[in-house]
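Within every chain, numbering begins at 1; the chains are lettered A, B, ... in the order of the sequence lines, protein sequences first and strands thereafter.
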Amino acid sequence: MFATSQRTHLCGALRAADAGTTVRIGGWVHRSRNLGGLVFLDVRDREGLVQVSFNPDWSSAAVIADAAGVGVESVVIVEGVVTPRPAEMRNANLATGDIEVRASAIRVVGPAVTPAIPVARGKNDALPAEDLRLRHRYLDLRRPELQANLVLRHRLLQATRRFLSDRGFLELETPILTKPTPEGARDYLVPSRVHPGEFYALPQSPQIYKQLFMCCGFDRYFQIARCFRDEDLRQDRQPEFTQIDIEASFIGRDDIMALSEDMVAALWREAGHEVATPFERMSYADAMERYGCDRPDLRYGLEVHDFTGAFRALDFGVTKSAIEAGGRVRGIRVPGGAAWSRKQVDELEALAKSAGAGGLLRVKKADGKLDGPVAKFLTPEAESALALADGDLALLVAAADRISSPALDRVRQECARRLNLVDEQARRFLWVTDFPMFEQDPATGALSAVHHPFTAANPEDMAAYPDAPARWRALAYDCVLNGLELGGGSIRTSDPRVQSRMFTLLGIGDEADQERRFGFLLEGLRAGAPPHGGIAFGFDRISMLLSSGTSLRDVIAFPKTTAARALFENAPSTVPSDDLRELHLRSTVEGE
RNA sequence: GGGGGCGUAGCUCAGCUUGGUUAGAGCACUUGACUGUCACUCAAGAGGCCGCGGGUUCGAGCCCCGUCGCUCCCGCCA
């Protein structure tokens, strides 16, 4: 399949079965070993590497001299005979280690300058600094690890297309030059040359377009969509990223979740893992109550418990004032935590504080007695509620839930890490459902959408609390694996009047304003919209997880730095002022 | 927008605590030796704006201020 007019085989594909075959291979010199009159080259291509040996018994003096002079990372075309290695010379660490290519000819077709960063590395060699790897990406991407990542990424893309296409989903494309959206993240803007002072935006997601496809009757849509958000970056966040974007008509939550489970299972199978379906489900309220987090890692316990009832009677300032202010006393029991030093627990408290808590209350049980600042205030009821076994440590936060939940989430994760409770092999998929529809600004009372403004509210909630939208739950769902969000979606509002009301609740009350910003969606809905909904999965993150990687940058061929800079091609960059003038732009940067 | 870490040879790092000879090591590179290696080995050599700018000092890789780059985190990311 890879044979061409210039080569017969891939280097990494040669095996003992090929013994005796005369081959011509092309590849990069991975490493060379010159023993004086006897030269070995490891020649690498995308399939792997093979040892090519040069020896006076089968190579001319000129060929040996050429082999001895070639630098690493140069491209060579080698002709020779695949030959089994004597038993003592086999290399079990190499897929091609049972054979070698005995070279009769070599041609250096792409001599290489000395590489700026090494491609071949020893077992314990550290990777070069990330900015150098990005600046010299043409070398970094030669590394077998990164090649394997991108090959897997390709297979996952194909598996996605196959799976969805087989289920009747149409791969439909949407514009990259779109309309700026006032909601959500900051847009990347593109100036219009022909319309002075006007701008396109790059899509944050194809959300509205895919809903319009449903209004058009395409019924099932998917796209492997590039999305753009101009926000500050993180290790797991790139300014442009890829989503598996899905939308379907005449469906409900369970349809989308079942479809997603099958797709996730298909992707994991592509990477060699079996995944059991259906996934567990948990309401947002439960997740927050038991884990303090809307995407809990279920690989370990350390669940959060409510001790408010047992602490209510305590004459202890911290808990008393928190309870009187309407807060609760919640916390986790840490088996073996009583052995931790004061300093170690102080570190946990610092974590809790960095998440917004005022402090972390500690009670430990060692040698049968309780210890800690609150210990002597504990009533027998409180003691039995805490239910500490010997060696246990309770870590409590007395505050409103919106304070204690994130704090306990951080503390819980750190305790699990310390106690080595995380089973790295385990895969705990989970659906988190029934998210709240709105988030309320504690200061102003203003509502904002938790998912996005097109999400449908639970109709029972709308009927039960027509005047309390803050109590409505959304028909939204997130797919979570081991504490990481893989994707999320919702059933959409398909009634234009309801959609208009949602905009009003979100502070976009003016009808003209609504039409100006979202008119093209509202028009589509008014023209007759089926019930519809969908989901989007973060494809880069899925690729990363299935490559066992920890950085998105290792599954993206040409990623940006955390300063949103492309070090390889050196973007962004300034442009000649004539180009700006043509776009009706003028720089406000000093000195320009 | 804010905070932490890092920046010394092509690469990975030491040196900085306590300022003071000619700034070191491993890998890579160059040259030489070596006929079965596979991170070959051995010998020799070359290679430095100590990120950049300013300050303190008789003297700064080292101390101080600023700045730039990378990175991690908070805000932000419907």
Side-chain angles (χ1 to χ4, degrees), chain A residues 30-43 49-59 64 68-69 71-73 83 85-94 96-97 100 102 112-136 139-140 181-187 204-205 207-208 227-239 241 351 353-356 406 410 435 437-439 447-455 474 476 485 488 490 502-503 506-508 536 538 550-551 553 560-565 567:
Chain A
H30 190 68
R31 244 192 268 273
S32 67
R33 294 174 291 282
N34 182 351
L35 278 66
L38 190 62
V39 176
F40 298 94
L41 298 183
D42 293 337
V43 181
L49 56 83
V50 69
Q51 171 168 284
V52 180
S53 71
F54 298 80
N55 184 305
D57 293 347
W58 52 81
S59 315
I64 293 176
V72 292
E73 294 311 316
T83 311
R85 299 197 202 180
E88 68 276 15
M89 293 173 199
R90 289 187 191 149
N91 186 342
N93 300 320
L94 219 53
T96 59
E100 66 180 7
R102 298 193 163 174
V113 296
T114 301
I117 57 172
V119 176
R121 290 186 307 131
K123 291 179 192 67
N124 301 317
D125 289 356
L127 278 174
E130 184 135 32
D131 52 327
L132 291 167
R133 291 177 47 205
L134 294 174
R135 183 159 285 126
H136 305 287
L139 288 171
D140 203 37
T181 50
E183 298 289 310
R186 209 173 285 122
D187 285 321
Q204 295 179 29
S205 84
Q207 182 61 37
I208 292 177
C227 305
F228 307 85
R229 293 178 190 172
D230 186 7
E231 294 293 343
D232 288 347
L233 305 176
R234 287 288 186 282
Q235 181 177 22
D236 61 348
R237 210 192 291 161
Q238 284 276 310
F241 56 97
L351 265 186
K353 283 181 171 173
S354 75
R410 294 281 291 273
F435 280 80
M437 189 71 190
F438 302 106
E439 213 163 23
L447 297 179
S448 61
V450 166
H451 187 56
H452 59 53
F454 320 114
T455 299
E485 185 190 330
S490 63
M502 291 299 172
F503 288 141
L506 290 167
I508 315 168
T550 51
S551 172
R553 292 185 284 257
K560 306 281 189 287
T561 68
T562 46
R565 206 168 260 293
L567 297 179

*Asks:* Using the C1' atoms only, state how far B/U8 lies from B/C72, rounded to an integer number of Å.
*Replies:*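 The same atom, C1', in both gives a distance of 23 Å.
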*Asks:* Need one value for A/Gln238: base, sugar-phosphate or nothing, where a base atom within 4.0 Å counts as base even if backbone is also close, heavy atoms only.
*Replies:*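 The residue A/Gln238 makes no contact with any strand.
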*Asks:* Counting Watson-Crick and G-U wobble pairs only, both distances under 3.5 Å, name the nucleotide matched with B/G75, or none.
*Replies:*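 Its partner: none found.
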*Asks:* In whole angstroms, how far is the C1' atom of B/G36 from the CD atom of A/Gln51?
*Replies:*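 In whole Å, B/G36 C1' and A/Gln51 CD are 8 Å from each other.
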*Asks:* Counting Watson-Crick and G-U wobble pairs only, both distances under 3.5 Å, name the nucleotide matched with B/G69, or none.
*Replies:*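 Its partner is B/C6.
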*Asks:* Counting the atoms with a prime plus P, OP1 and OP2 as sugar-phosphate, which does A/Val450 contact under 4.0 Å by heavy atoms, base, sugar-phosphate, or nothing?
*Replies:*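 Answer is sugar-phosphate: A/Val450 comes under 4.0 Å of backbone atoms only.
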*Asks:* Looking for any heavy atom pair under 4.0 Å, which part of the strands does A/Ser205 touch: base, sugar-phosphate only, or nothing?
*Replies:*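 Base, at least one base atom sits under 4.0 Å.
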*Asks:* Could you state the atom-to-atom distance from CG of A/Leu127 to P of B/C13 in whole Å?
*Replies:*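 Going from A/Leu127 (CG) to B/C13 (P), I get 10 Å.
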*Asks:* Give one of base, sugar-phosphate or nothing for A/Arg85, where a contact means two heavy atoms less than 4.0 Å apart.
*Replies:*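 Base contact.
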*Asks:* Is there a Watson-Crick or G-U wobble partner for B/U17 with both distances under 3.5 Å, and which nucleotide is it?
*Replies:*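 Per the H-bond distance test, none.
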*Asks:* Mind checking what makes side-chain hydrogen bond (donor to acceptor under 3.5 Å, both in side chains) contact with A/Arg186, not counting sequence neighbours?
*Replies:*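 Expected list: none.
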*Asks:* Does B/G45 pair with anything, Watson-Crick or G-U wobble, both distances under 3.5 Å, and if so, with which nucleotide?
*Replies:*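 Its partner is B/C29 (Watson-Crick or G-U wobble, both distances under 3.5 Å).
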*Asks:* Would you mind building the protein contact string for nucleotides 27-34 of chain B? One character per nucleotide, 5' to 3', B for base within reach (heavy atoms under 4.0 Å), S for sugar-phosphate only, - for untouched.
*Replies:* --S----B
*Asks:* Please compare A/Ile117 and A/Pro56 by the position of their nearest nucleotide in RNA chain B and report the one closer to 5'.
*Replies:*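 Looking at the nearest nucleotide for each, A/Ile117 comes out on the 5' side.
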*Asks:* Could you state the interatomic distance from CZ (A/Arg31) to CG (A/Leu41), rounded to the nearest 0.5 Å?
*Replies:*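 Going from the CZ atom of A/Arg31 to the CG atom of A/Leu41 covers 12.5 Å.
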*Asks:* Given atom CZ of A/Arg102 and atom P of B/U37, what is their separation to the nearest angstrom?
*Replies:*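 Roughly 14 Å, once rounded to whole Å.
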*Asks:* Taking B/U41 as the reference, what is the distance to B/G4 when you measure between their C1' atoms (whole Å, please)?
*Replies:*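 So the two C1' atoms sit 45 Å from each other.
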*Asks:* Looking only at the side chain of A/Pro128 (C-beta and beyond, no hydrogens), which of the listed nucleotides B/G36, B/C11, B/A39 gets closest?
*Replies:*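 Selected nucleotide: B/C11.
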*Asks:* Using the C1' atom as the reference point in each nucleotide, state the distance between B/G48 and B/U67 in Å, no decimals.
*Replies:*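 Those two atoms are separated by 23 Å.
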*Asks:* Do A/Arg229 and A/Gln238 pair up side chain to side chain, a donor and an acceptor below 3.5 Å, judged on atom types alone?
*Replies:*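 No, because no side-chain N or O of A/Arg229 sits under 3.5 Å from a partner of the opposite role on A/Gln238.
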*Asks:* If only side-chain N and O atoms of A/Arg33 are considered, is one of them under 4.0 Å from the OP1 or OP2 phosphate oxygen of B/C40?
*Replies:*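 Checking A/Arg33 against B/C40: at least one side-chain N or O falls below 4.0 Å of OP1 or OP2.
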*Asks:* Starting from C1' on B/G10, measure out to CD on A/Glu73 and report it in whole angstrom.
*Replies:*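 So the CD-C1' distance, A/Glu73 to B/G10, works out to 14 Å.
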*Asks:* Rounded to the nearest angstrom, tell me the gap between atom CG in A/Asp42 and atom P in B/C38.
*Replies:*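 A/Asp42 atom CG is separated from B/C38 atom P by 11 Å.
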*Asks:* How far does the P atom of B/G7 sit from the matching atom of B/C64, given to the nearest Å?
*Replies:*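 One P to the other, the span is 14 Å.
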*Asks:* When only distance counts, do a donor and an acceptor, one from the side chain of A/Arg90 and one from the base of B/C38, lie under 3.5 Å apart?
*Replies:*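 Check fails, no donor-acceptor contact within cut-off.
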*Asks:* Provide, to the nearest angstrom, the distance between the CZ atom belonging to A/Arg31 and the P atom belonging to B/A39.
*Replies:*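 Computing the A/Arg31:CZ to B/A39:P distance gives 7 Å.
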*Asks:* Hey, could you give me the OG/CG distance between A/Ser448 and A/Leu506, rounded to the nearest 0.5 Å?
*Replies:*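 Between A/Ser448 OG and A/Leu506 CG, I get 7.5 Å after rounding to 0.5 Å.
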*Asks:* Ring pair (Phe, Tyr, Trp, His ring centres under 6.0 Å) with A/Phe503: which residues, sequence neighbours excluded?
*Replies:*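 With neighbours one apart ignored, the set is A/Phe518.
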*Asks:* Round to the nearest Å and state the distance from A/His30 atom NE2 to B/A39 atom P.
*Replies:*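 Result: 10 Å.
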*Asks:* Would you check if the side chain of A/Ser354 reaches a backbone N or O of A/Leu351 as a donor-acceptor pair within less than 3.5 Å?
*Replies:*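 Answer holds: yes.
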*Asks:* Please state the C1' separation for the pair B/U22 and B/C6 - nearest whole angstrom.
*Replies:*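 Here B/U22 and B/C6 have their C1' atoms 29 Å from each other.
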*Asks:* Could you tell me how far B/C77 sits from B/C11 if I compare only their P atoms? Round to whole Å.
*Replies:*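 Looking at atom P only, B/C11 and B/C77 are 38 Å apart.
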*Asks:* Just to be sure I understand the rule, does A/Leu132 reach a base, reach only the sugar-phosphate, or reach nothing, if contact means heavy atoms closer than 4.0 Å?
*Replies:*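 Contact class for A/Leu132: sugar-phosphate only.
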*Asks:* Taking atom P in both B/G61 and B/U31, compute the distance separating them and give it to the nearest angstrom.
*Replies:*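 My reading of the P atoms in B/G61 and B/U31 gives 34 Å.
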*Asks:* Whole angstroms only, please: what is the CG-P distance between A/Asn93 and B/A39?
*Replies:*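 From A/Asn93 CG to B/A39 P: 7 Å.
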*Asks:* Is a donor from one side chain sitting under 3.5 angstrom from an acceptor on the other, for A/Asp187 and A/Gln204?
*Replies:*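 Indeed, the side chains of A/Asp187 and A/Gln204 share at least one donor-acceptor pair under 3.5 Å.
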*Asks:* Mind checking if A/Asp230 touches a base, just sugar-phosphate, or nothing, with heavy atoms under 4.0 Å?
*Replies:*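 Answer is nothing: A/Asp230 stays at 4.0 Å or more from every strand.
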*Asks:* Across nucleotides 69-75 of chain B, 5' to 3', mark each nucleotide with B, S or - according to how protein heavy atoms within less than 4.0 Å reach it.
*Replies:* -SBSSBB
*Asks:* So does A/Arg102 pair up with A/Asp57, basic N to acidic O under 4.0 Å?
*Replies:*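 Here A/Arg102 does not pair with A/Asp57 in a salt bridge, since their nearest N and O are not under 4.0 Å apart.
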*Asks:* Can you name the residues that form a ring pair (Phe, Tyr, Trp, His ring centres under 6.0 Å) with A/His30, not counting sequence neighbours?
*Replies:*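 A/His30: no ring pair (Phe, Tyr, Trp, His ring centres under 6.0 Å) contacts found.
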*Asks:* When all nucleic acid strands are considered with a 4.0 Å heavy-atom cut-off, which category describes A/Pro86: base, sugar-phosphate, or nothing?
*Replies:*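 It contacts nothing in the nucleic acid.
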*Asks:* Is there a side-chain contact between A/Asp42 and A/Ser32, using heavy atoms and a 4.5 Å cut-off?
*Replies:*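 A/Asp42 vs A/Ser32: side chains apart.
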*Asks:* How many angstroms lie between OG1 in A/Thr562 and CD in A/Gln235, if you round to the nearest 0.5 Å?
*Replies:*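 These two atoms lie 10.0 Å from each other.
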*Asks:* Which value, in whole Å, describes the distance between the C1' atoms of nucleotides B/G19 and B/U56?
*Replies:*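 Those two atoms are separated by 11 Å.
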*Asks:* Go through the structure and list residues passing side-chain hydrogen bond (donor to acceptor under 3.5 Å, both in side chains) with A/Ser53, not counting sequence neighbours.
*Replies:*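 Listed in chain order: A/Glu100.
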